[in-house]
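Structure first, commentary second.
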Amino acid sequence: MKQILVFIHMIISVTCFAQSPEKKTQIYTADGVEINLIKSDCIDKQYDIQKQILYFEIINSNSYSVNISFKKELWYDNVCSACSSDSPEYEVNQTIEASSTIQGGCTSKNTLLNIFVKMLKLSNVRQLTNYEFKAIKIEKAS
């Protein structure tokens, strides 16, 4: 009986929040750090929200912790919403432990590692049309 309840719970958990197959693109590699950008469709059936995001996967293959920082410049409908902004929502500052990985994603609480692309069920809303990452800095953590 207990096994059946665990199985039912797993099915309910999966059906409440689904994610599409992901496409990973390496956007940066230097100093033992690799940054990948992954496109994902995030489907929250409970709240009927369907959106597409890009999220970062940052891999530190060094034997020491690193600090990484960069600015996200994001264009929505061909207008850069971050180019002249000093808002912290467009800046990523993270410490990554030795030989570890951090990442954003549909269920990640680290939303600075996510970039909203578009709503999947709505057609007349803004969409990401371009992006650039500026001033990428990697330093050994002290």
Side-chain angles (χ1 to χ4, degrees), residues 2-3 5-142:
K2 188 176 181 180
Q3 291 174 331
L5 290 174
V6 169
F7 180 72
I8 291 171
H9 178 70
M10 286 174 39
I11 291 174
I12 291 170
S13 296
V14 171
T15 58
C16 285
F17 193 86
Q19 211 169 311
S20 68
E22 301 170 334
K23 180 184 173 204
K24 185 186 293 192
T25 303
Q26 185 179 69
I27 60 167
Y28 181 85
T29 184
D31 303 318
V33 174
E34 177 181 328
I35 303 173
N36 298 308
L37 203 55
I38 302 164
K39 184 183 281 188
S40 182
D41 293 344
C42 302
I43 312 298
D44 185 338
K45 292 183 180 182
Q46 181 179 359
Y47 296 104
D48 195 28
I49 298 172
Q50 297 182 22
K51 64 183 178 180
Q52 188 173 79
I53 65 168
L54 295 173
Y55 69 88
F56 295 98
E57 172 189 62
I58 306 173
I59 303 166
N60 178 12
S61 59
N62 293 301
S63 59
Y64 52 86
S65 298
V66 297
N67 295 323
I68 184 166
S69 63
F70 57 92
K71 181 177 179 187
K72 300 182 281 188
E73 292 191 350
L74 309 174
W75 283 261
Y76 288 94
D77 296 334
N78 297 314
V79 175
C80 186
S81 61
C83 292
S84 60
S85 174
D86 289 331
S87 173
E89 75 178 292
Y90 300 115
E91 295 182 16
V92 174
N93 295 295
Q94 296 285 308
T95 299
I96 308 165
E97 299 300 319
S99 303
S100 66
T101 300
I102 63 168
Q103 68 182 32
C106 293
T107 59
S108 174
K109 297 198 185 318
N110 193 346
T111 57
L112 289 177
L113 297 178
N114 292 347
I115 299 170
F116 173 79
V117 176
K118 65 181 179 179
M119 297 303 291
L120 296 173
K121 290 175 39 176
L122 304 174
S123 58
N124 293 330
V125 295
R126 69 184 190 138
Q127 294 186 26
L128 184 74
T129 52
N130 191 26
Y131 57 85
E132 289 183 30
F133 307 110
K134 303 283 186 164
I136 299 173
K137 277 197 231 174
I138 299 169
E139 300 171 331
K140 189 174 183 178
S142 46

* Of the non-hydrogen atoms in K71 and A82, which two are nearest, and what is the gap between them? -> NZ-O, 3.0 Å
* **N60 side chain to N62 backbone, donor-acceptor under 3.5 Å** => yes
* Structure fact -> Here the pair of heavy atoms bringing S99 nearest to S61 is OG-O, 4.4 Å
* For Q94, which residues count as a side-chain hydrogen bond (donor to acceptor under 3.5 Å, both in side chains) partner, sequence neighbours excluded? -> N110
* Residue pairs, two or more places apart or on separate chains, that pass ring pair (Phe, Tyr, Trp, His ring centres under 6.0 Å) and touch residues 87-124 -> none
* **Heavy-atom neighbours of D77 CG exceed 12 at 6.0 Å** => yes
Got a list of side-chain donor-acceptor pairs under 3.5 Å for residues 126-138, not counting sequence neighbours?
residue : atom : partner : partner atom : Å
T129    : OG1  : W75     : O            : 3.3
T129    : OG1  : N78     : N            : 2.9
T129    : OG1  : N78     : OD1          : 3.4
E132    : OE1  : K134    : NZ           : 2.9

* Asked: Backbone N or O of G105 within a donor-acceptor pair of the N114 side chain at under 3.5 Å?
  -> yes
* Structure fact -> Contacts of Q50 meeting side-chain hydrogen bond (donor to acceptor under 3.5 Å, both in side chains) (sequence neighbours excluded), chain-then-number -> none
Would you mind writing out the side-chain donor-acceptor pairs for residues 28-37 within the sub-3.5 Å range, not counting sequence neighbours?
residue : atom : partner : partner atom : Å
E34     : OE2  : Q26     : NE2          : 3.3
E34     : OE2  : N36     : ND2          : 2.9
N36     : ND2  : E57     : OE1          : 2.8

* Asked: So, do E91 and L112 sit near enough that their side-chain heavy atoms are less than 4.5 Å apart?
  -> no
* Decide side-chain contact (heavy atoms from CB on, under 4.5 Å) for I43 and L120; before the verdict, give the C-alpha distance in whole Å, the side-chain angles of both, and the deciding distance to 0.1 Å. => CA-CA 9 Å; I43 312 298; L120 296 173; 3.9 Å; yes
* 4.5 Å side-chain heavy-atom contact, K72 and I115 -> yes
* So I49 and M119, side-chain contact (heavy atoms from CB on, under 4.5 Å) or not? Walk me through it. -> CA-CA 8 Å; I49 298 172; M119 297 303 291; 4.1 Å; yes
* Sequence neighbours excluded, which residues qualify as side-chain hydrogen bond (donor to acceptor under 3.5 Å, both in side chains) partners of N67? -> T95
* To do: Please assess F56 against I102 for the test side-chain contact (heavy atoms from CB on, under 4.5 Å), listing each intermediate value before the final yes or no.
  => CA-CA 8 Å; F56 295 98; I102 63 168; over 6 Å; no
* At their closest point, which heavy atom of I53 faces which heavy atom of C106, and how far apart are they? -> CD1-N, 3.8 Å
* Asked: Within a strict 4.5 Å, meaning less than it, do heavy atoms of the I58 and L113 side chains meet?
  -> yes
* Measure the NZ-OG distance between K23 and S40 for me, rounded to the nearest 0.5 Å. => 13.5 Å
